[in-house]
Amino acid sequence: METRHTKIGFESRVLKIVSQIPEGQTLSYKDVAVLAGSPHAYRAVGNILNKNYDLAIPCHRVIHSDGSFGGYNRGEKQKIKILKKEGVEIT
DNA sequence: CGTATGACGTGCA
DNA sequence: GTGCACGCCATAC
């Protein structure tokens with residue numbers, strides 16, 4: 001564990017976690033919030049991804065807790081296409 | 001410091 | 001099964 005005591009921006013934590021999501025693995029905003037240390041901040045998680053248009057962040061692997069797609073800076077269709085390509089089952 | 005916003009989640013009609 | 005409203009947290013102004 002790398003010194004998580006340092007108080008960094010919540011977004012940095014979320015972005016880091018999302019950027020570490022393995023291929024074919026999808027996490028819900030809530031899961032990301034939990035991993036970020038704030039299980040009830042799933043609202044903020046979506047906000048951060050939305051404001052952070054970084055292609056280095058596989059935000060397309062982050063979906064709703066019920067399996068629905070959220071949104072994507074490149075287009076919802078693109079997100080679905082990528083997930084399907086990764087081998088993610090779409091309900 | 002207080003208000004408003006948002007790529008959510010859950011519950012209820 | 002679908003749609004609407006409320007509640008939660010963090011950030012921006």
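Residue numbering restarts at 1 for every chain, and letters A, B, ... go by the order of the sequence lines.
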For A:L15, check side-chain contact (heavy atoms from CB on, under 4.5 Å) against everything at least two apart and list the hits.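 A:L15 satisfies side-chain contact (heavy atoms from CB on, under 4.5 Å) with A:E11, A:I48, A:L49, A:N52, A:I57 once adjacent residues are dropped.
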Sugar-phosphate only, base, or nothing, as touched by [X] at under 4.0 Å among non-hydrogen atoms:
X     : value
A:G71 : base
A:F10 : sugar-phosphate
A:D66 : nothing

Any pair with a residue in residues 14-29 of chain A that passes side-chain hydrogen bond (donor to acceptor under 3.5 Å, both in side chains), sequence neighbours left out, goes on the list, sorted by first then second residue, please.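 Those involving residues 14-29 of chain A are A:S28-A:D31.
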Output the rounded distance in Å from [atom1] ([X]) to [atom2] ([N]).
X     : N     : atom1 : atom2 : result
A:R74 : B:dA7 : CZ    : P     : 17 Å
A:H64 : B:dA7 : NE2   : P     : 9 Å
A:D31 : B:dG9 : CG    : C1'   : 12 Å

Closest approach of [X] and [Y], non-hydrogen atoms and distance?
X     : Y     : value
A:H60 : A:K79 : O-CE, 3.3 Å
A:A41 : A:A33 : C-CB, 3.8 Å
A:C59 : A:N73 : SG-ND2, 3.9 Å

For residues A:L27 and A:V34: do they belong to one hydrophobic cluster (side chain heavy atoms under 4.5 Å, members Ile, Leu, Val, Met, Phe, Trp, Tyr)?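 Different clusters.
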Under the ring-ring contact (aromatic ring centres under 6.0 Å, His included) rule, collect the residues that match up with A:F10, sequence neighbours excluded.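 Checked A:F10 against ring-ring contact (aromatic ring centres under 6.0 Å, His included); zero matches.
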Taking a pair as Watson-Crick (N1 to N3 plus N6-O4 or O6-N4) or G-U wobble (N1-O2 and O6-N3), both under 3.5 Å, which stems of 3 or more consecutive pairs involve DNA chain B?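 Only these stems qualify: B:2-6 with C:9-13, B:8-13 with C:2-7.
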Sequence neighbours left out, what pairs pass ring pair (Phe, Tyr, Trp, His ring centres under 6.0 Å) with at least one residue falling in residues 33-53 of chain A?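 Every candidate ring pair (Phe, Tyr, Trp, His ring centres under 6.0 Å) pair involving residues 33-53 of chain A fails, so no pair, neighbours aside, qualifies.
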Would you check if A:K30 and A:V45 make a side-chain contact, meaning some heavy-atom pair closer than 4.5 Å?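 No, side chains not in contact.
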Span of DNA chain C, from the first to the last nucleotide whose atoms fall under 4.0 Å of chain A heavy atoms: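 Both ends considered, the range comes out as C:dG7 to C:dA12.
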Taking distance alone, no hydrogens or angles, what donor-acceptor pairs closer than 3.5 Å link side-chain atoms of residues 61-71 of chain A to residues at least two apart or in another chain?
{"unit_1": "A:R61", "atom_1": "NE", "unit_2": "A:E86", "atom_2": "OE1", "d": "3.3"}
{"unit_1": "A:R61", "atom_1": "NH1", "unit_2": "A:I21", "atom_2": "O", "d": "2.9"}
{"unit_1": "A:R61", "atom_1": "NH2", "unit_2": "A:E86", "atom_2": "OE1", "d": "2.8"}
{"unit_1": "A:R61", "atom_1": "NH2", "unit_2": "A:E86", "atom_2": "OE2", "d": "3.4"}
{"unit_1": "A:D66", "atom_1": "OD1", "unit_2": "A:S68", "atom_2": "OG", "d": "3.4"}
{"unit_1": "A:D66", "atom_1": "OD2", "unit_2": "A:S68", "atom_2": "OG", "d": "3.0"}

Can you sort out which residues in residues 44-52 of chain A have a heavy atom within less than 4.0 Å of DNA chain C? Ascending by number, please.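 Within residues 44-52 of chain A, the residues near DNA chain C are A:A44, A:N47, A:K51.
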Near DNA chain B, counting only heavy atoms under 4.0 Å, which residues of residues 35-42 of chain A show up?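 Per residue number, the list reads A:Y42.
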Short of 4.0 Å, heavy atom to strand atom, which residues of residues 53-63 of chain A count as contacting DNA chain B?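 Within this stretch, A:C59 sit under 4.0 Å of the strand.
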